[in-house]
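Heads up, the thing below is written out as structure tokens.
Just so we're on the same page: letters track the sequence lines, and every chain starts at 1. The basis for the numbers below is simple: all heavy atoms, side chains too, and nothing from hydrogens, waters or symmetry mates.
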Protein chains: 2
Amino acid sequence: MEREELGALFGRIVRRLIAAEGPVLDEHGLSMWGYTVLSDLAHRPAGTQLALAKAIGYDKSRLIPLLDQLERDGLIVREPDPADRRAHTVRLTEAGQALQAAAQADIRAMENDFLSNFSPADQRALFRMLSNLAHED
Amino acid sequence: MEREELGALFGRIVRRLIAAEGPVLDEHGLSMWGYTVLSDLAHRPAGTQLALAKAIGYDKSRLIPLLDQLERDGLIVREPDPADRRAHTVRLTEAGQALQAAAQADIRAMENDFLSNFSPADQRALFRMLSNLAHED
DNA sequence: TATTGTTATACTCTATAACTATA
DNA sequence: TATAGTTATAGAGTATAACAATA
């Protein structure tokens, strides 16, 4: 039996994932990229906007209106970087942390359901391989 | 150790895959969706445009200019469906079959390199799980 | 001279509605 | 009345260049 193509497989899976995540994020009033920003900020030390853009794979110019909105919503704050007056550091507010935690819990539940066909061992193997593929340069 | 999120992992992997496929398809003068069409036509019996659109997850209206171009390039032909005069069936020409086979071979080589960190058993397990996630209802 | 955040702009991708000819 | 293919158009997503402030 001929194996399927990776591109087709991953494309279908990503479409299913996006479809499953949409309603969950909607409940929290977050866009996919908005949630990506909050999650990154929750998991790594506060950095500059440029560092954030690179970390999540988003263009620095597209990041501006996204951060504007998150800041208006009281979820993040931009602060001048004392070490470099050109730069702003971005960090979560308490409300941002709370919203990120709540959304993450719902996303996690969705993921568990998404993977429910696989044994715990299979799930561990899957995460190991996906992580390898995602982070290899 | 906290596991990463599926969305972030798959997003990164798809971006890596697209970046790796781009140059390969460019060499054959194909766009990603053009290649997707040729591959689908190579693997399933000739159907209507609507069936093709659904099979590859592409809107029927966006499919039109894509098929126009592939037809101009002599890779596919549209033929009237004898059973329904509203419908057109789409099939590969010989040139289309040849180009699809050549592109697929190069894509396959790229994929093998992409997965070269994993043992054959791991690769089989990965394909089994990806296929399950891609095709589940 | 190079870099950070920003703005503006152009380009691509995608979704939607409407039209025709058939059913 | 509904469907297949088509067309047109509007909106979202994305890439790029340029600018001011700072390094």
**Asked** CG of B/Leu52 versus P of D/dT6: gap in Å, rounded?
**Response** 12 Å
**Prompt:** Does C/dA23 have OP1 or OP2 sitting under 4.0 Å from an N or O in the side chain of B/Arg85?
**Reply:** yes
**Request:** Classify the nucleic acid contact of B/Asp81 as base, sugar-phosphate or nothing, counting any heavy atom under 4.0 Å across all strands shown.
**Result:** nothing
**5'-most by nearest nucleotide on DNA chain C - A/Lys54 or B/Asp84** = A/Lys54
**Prompt:** Should A/Tyr58 and A/Val37 be marked as a side chain to side chain contact (heavy atoms under 4.5 Å, CB included) after you check the CA-CA gap, both sets of side-chain angles, and the distance that decides it?
**Reply:** CA-CA 10 Å; A/Tyr58 206 57; A/Val37 164; 6.0 Å; no
**Item:** Per B/Arg86 side chain, nearest of listed nucleotides C/dA2, D/dG5, C/dA21
**Value:** C/dA21
**Separation of atom CG in A/Leu67 from atom P in C/dT4, rounded to whole Å** = 15 Å
**Asked** Are A/Phe118 and A/Val14 connected, step by step, through hydrophobic side chains (Ile, Leu, Val, Met, Phe, Trp, Tyr) whose heavy atoms are closer than 4.5 Å?
**Response** yes
**Request:** Please work out if B/Leu50 contacts a base, only the sugar-phosphate, or nothing of the nucleic acid, heavy-atom cut-off 4.0 Å.
**Result:** sugar-phosphate
**Request:** Take atom CD1 of B/Ile18 and atom P of C/dC13, then tell me their distance rounded to the nearest Å.
**Result:** 11 Å
**Message:** Measuring from the side chain of A/Lys60 (C-beta onward, heavy atoms only), which nucleotide among D/dT3, D/dT6, C/dG5 has the closest atom?
**Reply:** C/dG5
**Asked** Roughly, in whole Å, what's the span from CD1 in A/Ile56 to C1' in D/dG13?
**Response** 14 Å
**Message:** Nearest whole Å is fine: how far is C/dT12 P from A/Asp59 CG?
**Reply:** 17 Å
**Request:** Starting from C1' on D/dT14, measure out to CD1 on A/Ile64 and report it in whole angstrom.
**Result:** 15 Å
**Request:** Have a look at B/Arg62 and say if it touches a base, only the backbone sugar-phosphate, or nothing, with a 4.0 Å heavy-atom cut-off.
**Result:** base
**Prompt:** Do B/Ser61 and C/dT14 share a donor-acceptor pair, side chain to base, under 3.5 Å?
**Reply:** no
**Request:** Decide whether A/His43 and B/Glu5 meet the rule of one side-chain donor and one side-chain acceptor closer than 3.5 Å.
**Result:** no
**Request:** Just do the salt bridge (charged side-chain N to carboxylate O under 4.0 Å, His left out) check on B/Asp68 and B/Arg78 with the steps written out, would you?
**Result:** CA-CA 9 Å; B/Asp68 289 346; B/Arg78 282 188 263 212; 2.2 Å; yes
**Prompt:** Between atom CG in A/Leu63 and atom P in C/dT7, what is the gap in whole Å?
**Reply:** 13 Å
**Item:** D/dT14 phosphate, OP1 or OP2, under 4.0 Å from A/Trp33 side-chain N/O
**Value:** yes
**Geometric cation-pi criterion, B/Arg124 with B/Phe127: 6.0 Å, 45°** = no
**Message:** From CD of B/Glu79 over to C1' of D/dA4, roughly how many Å is that when rounded to an integer?
**Reply:** 17 Å
**Asked** Can you find a side chain N or O atom of B/Arg78 that sits less than 4.0 Å from OP1 or OP2 on D/dT6?
**Response** yes
